[in-house]
Amino acid sequence: THTHTHSNCAEVNTRMHGFLVVVTGLVVAAGCVGGLPAQINKRAVLRIEADRDRCVATSSTATNTDPDLCGAPGYDPCCALEDARASARWLGIDLAMTTMQYGPGVHSVVGSAGLVLGPEDKGMQITGVGADQTVLSGALAIPPSAWTVNGSVWVATLPANTTYFRQLFVTSSNSSQALTFERRQMASSPVMHYSHTNMKDPQHSIVYSPGQVLPAYHNQDDVLVTMYHCWTATSHRIRSITAANNTLTLIGVPHVSIPRCEHASGKRFFIQAAKEYLSPGEFYYDRATRELTYAPLPKELAEAVAASAAATSLNSSIINRRPRLAAPGLVFYAPQIVTVAELYNTSDVSVSELTLAHAAIDIDGFFVGDPDAQSASNLKTAAVMLHGVHNASLTNMAVTATGGFALWPNASCSHVTITRSEFFDLGAGGLRVGHHASSGPVNANPSFFTITDNRIHDGGHFYRMGPGILLAACANCTISHNEIRGFSYTGISTGLDFNEYGRMLLGTEVSFNHLFDLGRGELSDMGCFYTWGGIQDLVINNNLCHGVLNYGQGYGGWGLYNDQTTNGVVWTNNIVYNTSGACYHDHEGTNVTLRNNIFVHSAAGEGVLRSASPAPSQGWKASFLLDCNLVVAGSSTSLFTDASSKTPFALSTFENNLYWASGKPAVFPGNVDFAQWQHSGTGSGPQDKGSVVADPKFADAAQGNFTLAADSPAFALGFKAIDTAAIGPRT
């Protein structure tokens with residue numbers, strides 16, 4: 001036992017173990033409260049352990065005279081962040097100079113309402129030992145021992161304080177590999193098609209075909225009806241079911257104009273959280289009995305049978321009463337909190353090398369306010385929330401298994417870096433930046449963000465209209481080198497709503513992103529990029545966009561999409577191909593510039609370029625400059641959608657472009673040939689001065705290789721080759 005005295009503290013009480021605690025180069029006397037000098041230039045590391053049998057809960061056991069310290073070298077690890085904070089204070093360590101390191105495994109943050117960093121945590125670093133090894137979970141863990149077999153299903157009774165949940169995740173407890181979680185859906189009906197709707201306020205009804213809907217459901221108040229619309233899908237509770245006339249009456253107002261979107265939605269609907277529809281890979285949670293029922297997948301069932309047989313073989317005396325094991329080696333996670341991590345009114349903080357997982361669904365997005373909001377902007381929460389945060393870094397981390405958006409830096413945030421991270425398996429969208437409200441923009445919207453080299457994928461599991469990134473407002477921000485894929489709606493959605501708020505994205509650039517596998521044949525009216533809301537001074541360049549597919553009976557699987565009130569967007573050096581709709585669509589966006597882009601379209605139904613006729617009652621008129629672009633139509637499509645009319649293109653300007661219709665005659669607006677188009681344009685004068693109709697000589701357009709041959713006629717127009725090697729994440 002040693003006694004050590006620091007120059008700024010009294011003699012150590014040897015009763016408190018008397019250890020010398022070495023904290024990243026500092027020598028600290030254990031039990032020396034306030035013992036460190038005021039000026040600290042080295043960072044202390046405090047460890048937090050997932051195993052509750054190996055950690056210390058300082059915050060619950062400490063007293064003023066005899067704290068139970070943890071985390072620092074020489075002590076057992078802490079159990080939670082609040083324990084590490086308490087220990088740091090007793091050791092006299094400035095929180096601004098601490099790194100809180102979470103060890104491997106799954107750390108529950110349910111009891112502490114998530115990972116929360118506030119003003120007192122300024123300068124703190126939060127880290128793990130790797131995003132594939134350290135998980136902070138907002139869920140109740142349900143171990144294999146909690147399950148019993150009941151016929152073909154597994155059943156577990158959950159604790160009395162369990163919060164109702166609408167999603168479930170599972171992982172293997174036997175794996176020594178990276179921690180991964182698989183999503184399990186609520187018991188759901190197949191997708192059905194209703195006959196028609198009766199949209200009479202205040203009650204809204206679906207008239208279904210006989211046999212589609214049951215006369216009643218178990219715990220019907222928890223059952224949800226999800227309806228598809230144009231670019232959204234809404235979920236509703238059931239007000240009543242009238243079997244006599246096949247009427248399903250909903251609680252809440254669906255889309256503002258159901259008939260308008262029935263052609264795009266296919267009149268589709270389905271029913272969720274209904275025990276009667278339980279199928280393999282689905283679950284049902286009974287709120288009243290707290291009983292969780294899971295129908296195992298065939299593979300899981302086979303593994304359970306094999307495990308039961310193995311257990312029997314260990315003791316031949318029980319061969320005639322073989323045990324039946326449920327969920328062998330599987331741990332299920334039932335999300336209990338909507339927000340797993342929150343940073344507020346703090347600065348100079350960082351989060352890295354860990355995963356934040358298992359955020360609950362915020363059902364109020366559908367039950368409160370407008371359930372039909374574009375880009376799932378009706379949500380008021382996210383798995384990770386930032387408010388009033390400055391000079392922050394989120395690096396080499398992951399957010400997964402969420403019920404809504406993964407990450408939302410809201411108002412009054414600045415100089416935030418989000419890089420080299422992964423956001424996936426999402427209930428809604430990936431990242432959401434800036435405030436979005438019906439009252440318009442708020443003061444102090446985010447600024448100086450750097451969002452680079454991230455992978456954002458597999459979203460829209462519950463709020464199907466969630467985009468990869470919702471960029472509502474962000475000044476002087478850079479969104480670059482990201483990969484965005486696997487969403488039922490748009491890749492990157494920008495702006496607020498159909499109001500001209502002004503320069504909400506002043507100085508912002510969106511570049512070198514790879515966007516693909518969007519729409520997934522589920523929604524309509526979307527694109528790789530969607531802009532609206534009076535956007536000005538937004539530059540979108542050097543992006544690769546492909547694989548956009550709208551619902552089969554719908555419309556609008558576009559590439560680049562400027563909607564009404566878009567103003568002043570500049571598109572340069574982008575490549576768009578393999579879209580079910582036009583590569584570029586201008587729905588009354590104004591003052592748009594498209595320069596040095598490649599547009600290649602081969603799907604039948606729409607041309608490469610599409611524009612809307614003016615809406616005189618609203619004063620919105622499509623106008624863009626198409627300068628030095630390569631516009632190529634496949635053998636089964638055309639250069640322009642509805643080339644019979646000049647009106648949609650009457651206010652736009654064309655020059656120095658290359659057109660190619662795969663050997664077919666090139667047809668321009670007004671059903672005219674190229675010579676006529678150059679002579680008279682849309683009627684206001686000549687168009688496409690300096691343009692040509694010629695084969696651009698791509699290396700292999702069918703395989704997505706748009707490298708130009710050295711003798712391509714595009715170069716004579718001033719077209720600059722687009723290098724795709726730098727597109728997407730650089731790590």
Side-chain angles (χ1 to χ4, degrees), residues 150-153 155 166-168 184-230 232-255 257-289 291-298 363 366-367 371-372 460-464 488 520-524 551-554:
N150 185 358
S152 61
V153 300
V155 178
R166 296 184 180 274
Q167 53 187 359
L168 190 69
R184 297 293 184 260
Q185 303 287 359
M186 293 178 284
S188 301
S189 73
V191 174
M192 300 175 281
H193 301 265
Y194 59 81
S195 172
H196 61 278
T197 59
N198 182 9
M199 295 292 111
K200 293 182 179 179
D201 289 329
Q203 297 188 355
H204 306 268
S205 302
I206 293 174
V207 179
Y208 56 87
S209 299
Q212 285 184 320
V213 177
L214 299 179
Y217 291 93
H218 180 71
N219 287 347
Q220 189 164 288
D221 287 345
D222 286 329
V223 175
L224 296 178
V225 178
T226 297
M227 296 179 64
Y228 284 96
H229 308 295
C230 292
T232 64
T234 58
S235 291
H236 308 265
R237 288 170 292 182
I238 296 174
R239 186 182 300 275
S240 63
I241 301 173
T242 307
N245 59 5
N246 300 321
T247 299
L248 173 60
T249 303
L250 309 174
I251 297 176
V253 181
H255 189 276
S257 177
I258 294 291
R260 172 192 172 196
C261 277
E262 285 182 342
H263 71 286
S265 69
K267 300 182 179 180
R268 290 170 295 156
F269 78 104
F270 64 96
I271 298 172
Q272 296 177 281
K275 187 175 184 179
E276 292 80 359
Y277 297 125
L278 187 66
S279 300
E282 296 180 340
F283 73 93
Y284 177 79
Y285 181 58
D286 191 312
R287 187 194 299 265
T289 65
E291 189 173 87
L292 173 61
T293 303
Y294 176 67
L297 293 167
I363 197 67
F366 284 135
F367 291 175
D372 182 51
H461 284 288
F462 192 76
Y463 288 89
R464 283 162 170 75
S488 297
R520 299 187 294 196
E522 192 168 11
L523 295 178
S524 293
Y551 173 61
Q553 298 179 28

**Request:** With sequence neighbours excluded, give me every salt bridge (charged side-chain N to carboxylate O under 4.0 Å, His left out) pair touching residues 212-221.
**Result:** none
**With His218 via ring-ring contact (aromatic ring centres under 6.0 Å, His included) - residues at least two apart** = Tyr284
**Message:** Quick check for you: to the nearest 0.5 Å, what is the distance between Asn198 atom CG and His204 atom NE2?
**Reply:** 9.5 Å
**Message:** With a 4.5 Å cut-off on side-chain heavy atoms, are Thr234 and Leu250 touching?
**Reply:** no
Review item, side-chain donor-acceptor pairs of residues 189-197, under 3.5 Å, at least two apart:
| unit_1 | atom_1 | unit_2 | atom_2 | d |
| --- | --- | --- | --- | --- |
| Ser189 | OG | Ile271 | N | 2.9 |
| His193 | ND1 | Gly266 | O | 2.7 |
| Tyr194 | OH | Glu262 | OE2 | 3.2 |

**Message:** Going by side chain to side chain contact (heavy atoms under 4.5 Å, CB included), name the residues that satisfy it together with Ser488, two or more places apart in sequence or in a different chain.
**Reply:** Arg520, Glu522, Leu523
**Which residues share a ring-ring contact (aromatic ring centres under 6.0 Å, His included) with Phe366, sequence neighbours left out** = Phe462, Tyr463
**Message:** Measuring from atom SG of Cys261 to atom CE of Met227, what distance do you get when rounded to the nearest 0.5 angstrom?
**Reply:** 10.5 Å
**Prompt:** For residues 273-284, which residue pairs qualify under salt bridge (charged side-chain N to carboxylate O under 4.0 Å, His left out), counting only residues two or more places apart or in two chains?
**Reply:** none
**Message:** Once rounded to the nearest 0.5 Å, what's the spacing between atom CD of Gln185 and atom OG of Ser279?
**Reply:** 12.0 Å
**By side-chain hydrogen bond (donor to acceptor under 3.5 Å, both in side chains) - contacts of Gln212 (at least two apart)** = none
**Request:** Check whether any side-chain heavy atom of Val213 sits under 4.5 Å from a side-chain heavy atom of Phe269, and report yes or no.
**Result:** yes
**Prompt:** Taking only residues two or more places apart in sequence, or in another chain, which ones meet Asp222 in a salt bridge (Lys or Arg N to Asp or Glu O under 4.0 Å)?
**Reply:** Arg287
**Prompt:** For His236, which residues count as a ring-ring contact (aromatic ring centres under 6.0 Å, His included) partner, sequence neighbours excluded?
**Reply:** none
**Complete:** Nearest heavy-atom contact between Arg184 and Phe283 is O-CE2, 3.3 Å
**Message:** Please enumerate all residues that pass salt bridge (Lys or Arg N to Asp or Glu O under 4.0 Å) together with Arg166, with sequence neighbours excluded.
**Reply:** none
**Asked** How far apart are the closest heavy atoms of Asn246 and Pro210, and which atoms are they?
**Response** ND2-CG, 3.6 Å
**Message:** Please enumerate all residues that pass ring-ring contact (aromatic ring centres under 6.0 Å, His included) together with Tyr217, with sequence neighbours excluded.
**Reply:** Tyr277
**Pairwise distance CG(Asp286) to CG(Asn219) - rounded to 0.5 angstrom** = 4.5 Å
**Request:** With sequence neighbours left out, write down each residue that passes side chain to side chain contact (heavy atoms under 4.5 Å, CB included) with Thr247, or none if nothing qualifies.
**Result:** Ser205, Val207, Thr242, Asn245, Thr249
**Request:** State the CD1-OG distance between Ile251 and Ser235, to the nearest 0.5 angstrom.
**Result:** 13.0 Å
**Request:** Please report the closest heavy-atom contact between Pro296 and Pro280, naming both atoms and the distance.
**Result:** O-CB, 3.6 Å
